[in-house]
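Whatever order the structure lists ligands and atoms in, that order sets their numbers, starting from 1. Computed from a predicted structure; not experimentally measured.
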Amino acid sequence: MVVQKFGGSSVEDAGKIREVAKIALEHRIDGRIAIVLSAMKGCTDLLLGAAKDAEAGKPAYKDALAILEKRHLTAAEELTTGPAHTTLKAALTEQLSDLRDILHGVELVKECSKRSLDLIAGFGERLNCQLMAGYLKGAGHEAHYIDASQNFIITNDNHGAADVDFEATYKTVDSRIKPLKGVIVITGFVASTADGRPTTLGRNGSDYTASLVGAAIRADAVEIWKDVDGVLTADPRFVKGTLVLDEISMEEAMELSYFGAKVIHPSTMLPLLERGINLKIKNTLNPAVKGTLIKQNPKPHPYPITGLASITAAALINIEGSGMIGIPGFASRVFGALARVKVNVIMISQASSEHSICIVVRDSEAQTALKALRDELKAEHQAKKLKDCELILGLEIVAVIGENMRGKPGITGKLFSSLGEKNVNVLAIAQGSSERNISFVIESKDREVALNTIHSAFLGNGGLK
Ligand code: ADP
Ligand code: ASP
Ligand code: MG
């Protein structure tokens, strides 16, 4: 069986839902297919905004409710008639009424816990999947709706971006799907703890749901359908002349997504890699296009690099001084202090003189990180062995990725000389020992120049001026 996932832009209205259903039906194997759907485009943002408004006692949350109601009920009207419509409308109305009650409760208590927020955030997926299942049934197909927050994808209670219990999830998902035939419609993004409290997998987490389902049932393939022709060499919103990649490795896809390539959620690859299942990225708007195949040992391509990605809103913290030279355990103190306050380190760079370590974190976590490091290193600072930690905000991490860079001299030289020619100032550099990734930090204002310059130097610019 194949697992297909369709994102918000692929299922934004009745017309698109029809297209998606057609694609899913065409790809059934022995009459079966599992599809994972996101919320309609913009609905998760609307739900999160409504929760915030309700918490603040602002009646504006009712406007969001009205928009959600209109979008889903209009689509139901366009997609179904007769008894199928009556059943679907009743199911959607019940969901919307639950949502209204929950938001009203939030308004009354003026408090929205992370747990309540996870419950509210998942309504977009639940409404959309019921719509799809209702449409398929109305059109005479066998279809089943599965709400993944009802004992299906099992996680811990780290609300907002919960960690998956793989063993429990694989067991439950496999046994639930095994007896079903036809089109199995599964909500992306949402999950629950073992004792049934609602959680979510983090923003854009539906890709991850699809890979978990695929791994659980040992699917023949997992396909993620987007609004682009596949994985491109760079983000097409900022870079001119991007190319569609034919095949890339699981590791390259992991690195690209970890460093901000929004096309795939970064956790998606791991379950598939472990179970040897290939991942395909396809275009819902253009199903005939081959797309990108992500697998172990992909066919080599002729380019020196595979692609580039970047993370915005990064901050750099520089620790400098003689106090760390030759002292074993210094780095572990630094990372221990950051781990205790749950700050995620995106990039590290240490000069071989051991005179400075620079750490890159997200802007939003910079102050927490700075405080934790100042507390940890107070004694060294007072003894004048270390300078005060320096914080620079408003930065961008750029990552250049590719298996072909391995063991090839000259890539780094060409990379930084091309940036130098455009006066892009590089604040820190790190290269993974896998030689599959070179990442560096620049000022955010230089992002577009840097990305286009590198793309042009290694992959061309599609003949654009
Ligand atoms: P969905 O919500 O349908 O899952 P997203 O909008 O989250 O899809 O992701 C698809 C978008 O990711 C594309 O429209 C494109 O703008 C962006 N993107 C960023 N980097 C890349 C890349 N390297 N290749 C393809 N698309 C990319
Ligand atoms: N609907 C969720 C979001 O907008 C999950 C997803 O789209 O994958 O983040
Ligand atoms: Mg998305």
Minimum side-chain heavy-atom gap [X]-[Y] below 4.5 Å:
X: M40; Y: R71; answer: yes
X: T242; Y: H455; answer: yes
X: Q296; Y: N278; answer: no

Quick check: does N204 put an N/O/S atom under 2.8 Å from the Mg ion (ligand 3)?
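It does: N204 brings an N, O or S atom closer than 2.8 Å to the Mg ion (ligand 3).
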
At what distance is the nearest protein heavy atom to [atom], and which residue and atom is it?
atom: atom 4 (O) of ligand 1; answer: K226 NZ, 2.7 Å
atom: atom 4 (O) of ligand 2; answer: R203 NH2, 2.9 Å
atom: atom 26 (N) of ligand 1; answer: V263 CB, 3.5 Å
atom: atom 23 (N) of ligand 1; answer: L232 O, 3.0 Å
atom: atom 9 (O) of ligand 1; answer: K262 O, 3.7 Å

Which atoms of ligand 1 have any heavy atom of [X] under 4.0 Å away?
X: R237; answer: 16 (O)
X: A234; answer: 22 (C), 23 (N)
X: G8; answer: 2 (O), 3 (O)
X: S9; answer: 3 (O)
X: D227; answer: 10 (C), 13 (C), 14 (O)
X: K5; answer: 4 (O)
X: N204; answer: 7 (O)

Let me confirm one number: the NZ-CD1 distance from K414 to I305, rounded to the nearest 0.5 Å.
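Taking NZ in K414 and CD1 in I305, the distance rounds to 9.0 Å.
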
Rounded to the nearest 0.5 Å, what separation is found between the CD1 atom of I397 and the CD1 atom of I346?
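Here the rounded value is 4.0 Å.
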
Give a yes or no on whether the backbone of [Y] and the side-chain of [X] come within a donor-acceptor separation of less than 3.5 Å.
X: S116; Y: C112; answer: no
X: K282; Y: V289; answer: yes
X: H141; Y: A143; answer: no
X: N344; Y: V361; answer: no

Which one holds for T242 and ligand 1: side chain close, backbone close, both close, or neither close, with close meaning a heavy atom under 4.0 Å?
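Contact part for T242 vs ligand 1: neither.
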
Are R406 and E403 close enough, and set up right, to give a salt bridge (charged side-chain N to carboxylate O under 4.0 Å, His left out), and what steps lead you there?
CA-CA 6 Å; R406 208 175 287 172; E403 305 282 1; 2.7 Å; yes

Closer than 4.0 angstrom: is that true for some heavy atom of G205 and an atom of ligand 2?
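Judged by the 4.0 Å heavy-atom criterion, G205 does count as contacting ligand 2.
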
[X]: heavy atom below 4.0 Å from ligand 1, yes or no?
X: P236; value: yes
X: A309; value: no
X: G307; value: no

Does S206 reach ligand 2 with a nitrogen or oxygen that is under 3.5 Å from one of the ligand's nitrogen or oxygen atoms?
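Between S206 and ligand 2 (N or O atoms, distance only) the closest approach is under 3.5 Å.
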
Kindly confirm or rule out an N or O of K5 lying under 3.5 angstrom from an N or O of ligand 2.
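No - when backbone and side-chain N and O of K5 are compared with those of ligand 2, no distance drops under 3.5 Å.
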
Centroid separation under 6.0 Å, is that true for the rings of F440 and F416?
yes

Using the ring of F238 (Phe, Tyr or Trp, six-membered ring only), decide whether R447 places NZ or CZ under 6.0 Å from its centre and within 45 degrees of its axis.
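Relative to the ring axis of F238, which defines the angle, R447 lies inside both limits.
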
With heavy atoms under 4.0 Å as the rule, classify the contact between E125 and ligand 2 as side chain, backbone, both or neither.
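Within the 4.0 Å criterion, E125 contacts ligand 2 through side-chain atoms alone.
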
Which of the numbered atoms in ligand 2 are under 4.0 angstrom from any heavy atom belonging to [X]?
X: T44; answer: 1 (N), 2 (C), 3 (C), 4 (O)
X: N204; answer: 3 (C), 5 (C), 6 (C), 8 (O), 9 (O)
X: S38; answer: 6 (C), 7 (O), 8 (O)

If you measure every N/O of D207 against every N/O of ligand 1, is any gap under 3.5 Å?
no

Please evaluate residues L117 and H159 with respect to the criterion side chain to side chain contact (heavy atoms under 4.5 Å, CB included), reporting the C-alpha separation (whole Å), side-chain torsions for both, the decisive distance (0.1 Å), and the verdict.
CA-CA 8 Å; L117 199 60; H159 291 283; over 6 Å; no

Do the charged groups of E69 and R100 touch, with an N to O distance under 4.0 Å?
yes

Parallel, tilted or perpendicular, as decided by the 30° and 60° cut-offs, for the rings of H27 and W225:
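Rings of W225 and H27: perpendicular, as their planes differ by over 60°.
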
